[in-house]
Amino acid sequence: ALKPLGKTLSKPGVRNVVLVEGVRTPFLQAGTTYADLMAHDLARGALQGLLNRTAFPKEAVDYIVYGTVIQEVKTSNVAREAALGAGFSDKTPAHTVTMACISSNQAMTTAVGLVASGQCDAVVAGGVEFMSDVPIRHSRKMRKMMLSLNRARTLGARLSLLGSLRLSHLVPELPAVSEFSTAEMMGHSADRLAAAFGISRLDQDEFALRSHVLAKKAQDEGLLTDIVDFKVPGKDIVSKDNGIRPSTMEQMSKLKPAFIKPHGTVTAANSSYLTDGASAVLIMSEEKALAMGYKPKAYLRDFVYVSQDPKDQLLLGPTYAIPKVLERSGLTLADIDAFEFHEAFAGQVLANLTAMESDWFAQNCMGRKAKVGAPPMEKFNLWGGSLSLGHPFAATGCRLVTMVAHRLKKEGGQYGLVAACAAGGQGHAMLVEACPQ
Amino acid sequence: MVVIQALFAITGDTCCYTVSLYSVLLNMSEITWNFNVYSARTHVNYEIKGDVAVIRINDPTSKVNTLSVHMQKEMTEIMDEIWANNAITSAVLISSKPGCFIAGADINMIQACKSTEEVTNLSQEGQKMFEKIEKSPKPVIAAINGSCLGGGLELAIACQYRVATKNKKTVLGTPEVLLGLLPGAGGTQRLPKMIGLPGAFDMMLTGRNIRSDKAKKMGLVHQLVDTLGPGLKSPEERTIEYLEEIAVDCARGIVNKKIPLAKEKSMMQKIQDYIMSYPFVRNQIYSTVQKKVMKQTKGLYPAPLKIIECVKAGMEQGLDAGYLAESQNFGKLAMTSESRALIGLYHGQVACKKNRFGVPKKDVKTLAILGAGLMGAGIAQVSVDKGINTILKDTTLEGLNRGQQQVYKGLNDKTKKKSITSFERDSTLSSLTGQLDYSGFQKADMVIEAVFEDIAIKHKVLREVEAVTSPECIFASNTSALPIKDIAAASTRPEKVVGMHYFSPVDKMQLLEIITTDKTSKDTTASAVAVGLKQGKIIIVVGDGPGFYTTRCLAPMLAEAVRVLQEGVDPKKLDSLTTGFGFPVGAATLADEVGIDVAAHVAEDLGKAFGSRFGGGDPELLKTMVEKGFKGRKSGKGCYLYQPGLKHKDVNPELEEILELYKMTPNPAVSSDSDVQYRLVSRFVNEAVLCLQEGILANPVEGDIGAVFGLGFPPCLGGPFRFVDTFGADKLVEKMRRFEEVYGNQFTPCSLLLDHAKDPSKKFHK
């Protein structure tokens, strides 16, 4: 029989949804060992790893939802291609979702909805990002000409089209790195955000260093157990993240600002870096999981999505999401034992923490009576974060949830809180409750 | 949908100084003046941050900072303290006002001067003070957020280093020329050296505002600072703080020699400097610019010429000669009638951007426009632009499509010029709904009709609108000549009916003439004014009557123009006579732009209403032109021939045949060039004065503003009323009496004009 530790967030009449297992490929800096692969290769690695680790019967998977941000055009529904390639049943439908850096959070909450509503019993969710290769397109002019060429019937028509070719046609189009609505780069916005909250360069460098030091410690202590080995064809088996590099404050202080020059504070060292990686989780109804003999890791409880001004508050999602999700569940910040925040930029994390500590911000920007408060650092991202572990956009969400579940288990806590910001001025938070041991 | 298209803006792309003079004048609302309050250190203060003195400017008596005598005195005191204090190594100059660094010199200070010498003296004091700052042994950094104009810019460029925010409100410029003045505190000397001759002439002769990103490219500022969103303080407050932090860092960087003051010059810059080092090249530039100015101003505006003179003196004869030329010319210009006229227009324009009818009870959130023609779509464009939910209704899909395309094009042109992003364009367009029926009209707070100019059609749509709208909904008619009370006759709620006469093209012409009837309620008027102000318009509110104010003034002048043509003056000559008097667009071109059919229609209507006073040229001439299809620019033929893609236009040869039919013999006694000019102008002016006499106009200020901004009355004359004041009512009456002898009552001066002629102490403007 199951007995929860304290007050549980279980709701009458709603199925308990559990995280049975979560895995990920090692996160590698873009352009390193994964460089010659494709996105669905990494996704296959994570999905196969999940199957291997859980020994879950393929035919029992009801559905697959996968997130991705920069889409490989050949595998636009990467969920389906990767699932087929990973040996899942061809009878299991799969779809792909996208919501910038919270894409796999969206995949997971989609799964939670399917299970909670009784549509499914077992859903695999996950996300993949592959930054070593991104779609670079021909220019619009060139594309238009090539498409017209396709339709041209006669040789004369084709030649005359080819005759219109100019040098400018050959300039390629890179994937957008800036926000579509504001045309601002995210790092630029993060720098302005840090300035708005008066976050100094020193604070940012210190926070980034903390992330790397804690990640290194977790790696050395073998706490990053969500990693599954990945065999790169023609190369080695990869079993470790490769972006964890604790540096010194002195070295970090030498870097020049990356976005706002010359006086900005966001640098390469206090930002998350371009990363390749994939993650996957198995989400089930509690009864089915228990019936199949699994020991679930955690309950996935209340969650919220928020959105705000994409110009000046692009990365403040957590600040808006956290009070909402706490209110939904009747908890306060003090009830939370483990916090896992996505770290896009050190300045962004610190800006969120400062905003959460500010009555002025709560009253003037959020329409609240008082601040919600900021998480204590001794419970915050204790095994590193996106700054150090890496941030494959659509894979980070599952990493956060799995990590908070592992931390609750290791630290003996009951409630974990996951929060993340995303491009487009959106944000997400989710409460995770430890399953009784 | 008749349009009185008076036009500054339609003269094509040529950077015409008189034209840009106006488009820019309107954007200058930042410049204001203040009342000087003399007490200790109220306007400028400073705080010492380590080794940097932060000087904060904040005029407590005004929304903007102006360089008044008082502010200059405090600034001088503070600078002396800073120079004397050994603990201070550098200084930062910053404003505490969110939208304004320093918006210029105090206009009242200049207007209060009685003589050329007094103004020259003011200029010399400014020159000395800024020269001291320029030579300061401790670097002074200007931290600019908001408008940095005129004297403010001159102060900033005297500093060693400039940091500016990317705020849209941060603009730099030398608008003095728009007030008939010149940058009189060293600006004509420093600017050419800083940004080169071509750039400096462009700035000083057009007076246009330059956004900070452009200013950085031009070398006017050294560093840009981003604006910030909300954090632990309001965005405005925190942005100023951030700007200050960065400026203080810059100050220390300059002192520590980490930031070099001499900039690395680009290759282009080096080449330009090299070319400019030849006196021959420089002389070539002076003469080209001089010619261009003469062509565009017809020599009617002295300020641009004096600016060239000052720059030339400084560049060719050295700084002392330059400073002397600058201060002396500044003194001379301040005493010219042109400068007084332009300053008068500036004050008038500020007054016409206020709602003297108070705050309306209900905000207009949803606006419906009937008719997607040129006017309707134009009104839609300036409304969606300001976030008003706008319904654009037409009766045909083709008409609607054309109108929506016009709105799209207007916004897309802004995207091309990079004043808005394509995303902003799209989200702005989302507040526009195009439709063929009256659905959703129940939500409309105001309906503006811009349908065909026919009383029966106006009545029809008025009834249809009242049937589907709420009782609070205001009905505004964009008519240019039909009396509003006639339109309101069909209304069940005449207190909600008002006239809103826009000028074409609506997005360029800044005047809005609002017409009220006896029954129009004050709240309805207040609401119409509020909508107009939101649309960025300069507003005059006039009484009801045929042709209201603007059309009524224009009609007799056009009637006279027709007579002049009949007397054998060809259209080109007519145009040069009118532009030579200072009108931005010649009378013949104006008729073509307005539309010959429209002119004929208006002439007939107003002729009926006012009788022989509105006679002159034979109205049949216009009708014959219309019959032949010569409707003006829109039909490709009018007084001139219009060919797409061709800027040059020839006189319509077939017009001569028509003119031959209506030929009249000129009377040599009143047909000299000057007489022709005064015949045209005096009828305009007399009708304007009559409008004031009859109470159509509330005051002479609105009369001047309406004539200049709506009809292109010569800005250098300041409008019909200021013209009478300056020229002398007696002299004008004398001329009119001479014309009256030949042509009769069309030139009979009205009684108010006669009153002014009899008593020279009577002036329209104090």
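Below, read A as the first sequence line, B as the second, and so on, with proteins coming before strands; counting in each chain starts at 1.
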The interface call for B:E424 against chain A, heavy-atom contacts under 4.5 Å, is neither
### Task
Would you indicate whether A:H138, at its atom NE2, is surrounded by more than 12 heavy atoms from other residues, nucleotides or ligands within a distance under 6.0 Å?
no
*asked:* Quick check on B:K193: does its NZ atom have over 12 non-hydrogen neighbours (other residues, nucleotides or ligands) under 6.0 Å away?
replied: yes
What one should report as the nearest heavy-atom pair of B:T227 and A:R192 is O-NH1, 2.9 Å
Applying a strict 4.5 Å limit to non-hydrogen atoms, the region of A:T354 in contact with chain B is both
Value for CZ (A:F361) from CG (B:L232), rounded to nearest 0.5 Å, stands at 9.0 Å
CG (B:D226) and OG (A:S189) are apart, to the nearest 0.5 Å, by 9.5 Å
### Task
May I ask you to check whether over 12 heavy atoms, not counting those of B:K138, lie within 6.0 Å of atom NZ?
yes
Cut-off 4.5 Å, heavy atoms of chain B, and the answer for A:A183 is neither
To the nearest 0.5 Å, atom OG of A:S200 lies from atom CD of B:E245 at 10.5 Å
What one should report as the nearest heavy-atom pair of B:P230 and A:D312 is CD-CB, 4.0 Å
Those residues of residues 234-243 of chain B that come under 4.5 Å of chain A on a heavy-atom basis, listed by number, are B:S234, B:R238, B:Y242
Just wondering, are more than 12 heavy atoms of other shown residues or ligands nearer than 6.0 Å to NZ in A:K324?
-> no
Please check if the number of heavy atoms outside B:K386 that lie under 6.0 Å from its NZ is greater than 12.
yes
The interface call for B:I246 against chain A, heavy-atom contacts under 4.5 Å, is side chain
By residue number, those in residues 254-269 of chain A with heavy atoms under 4.5 Å from heavy atoms of chain B are A:I260, A:P262, A:H263
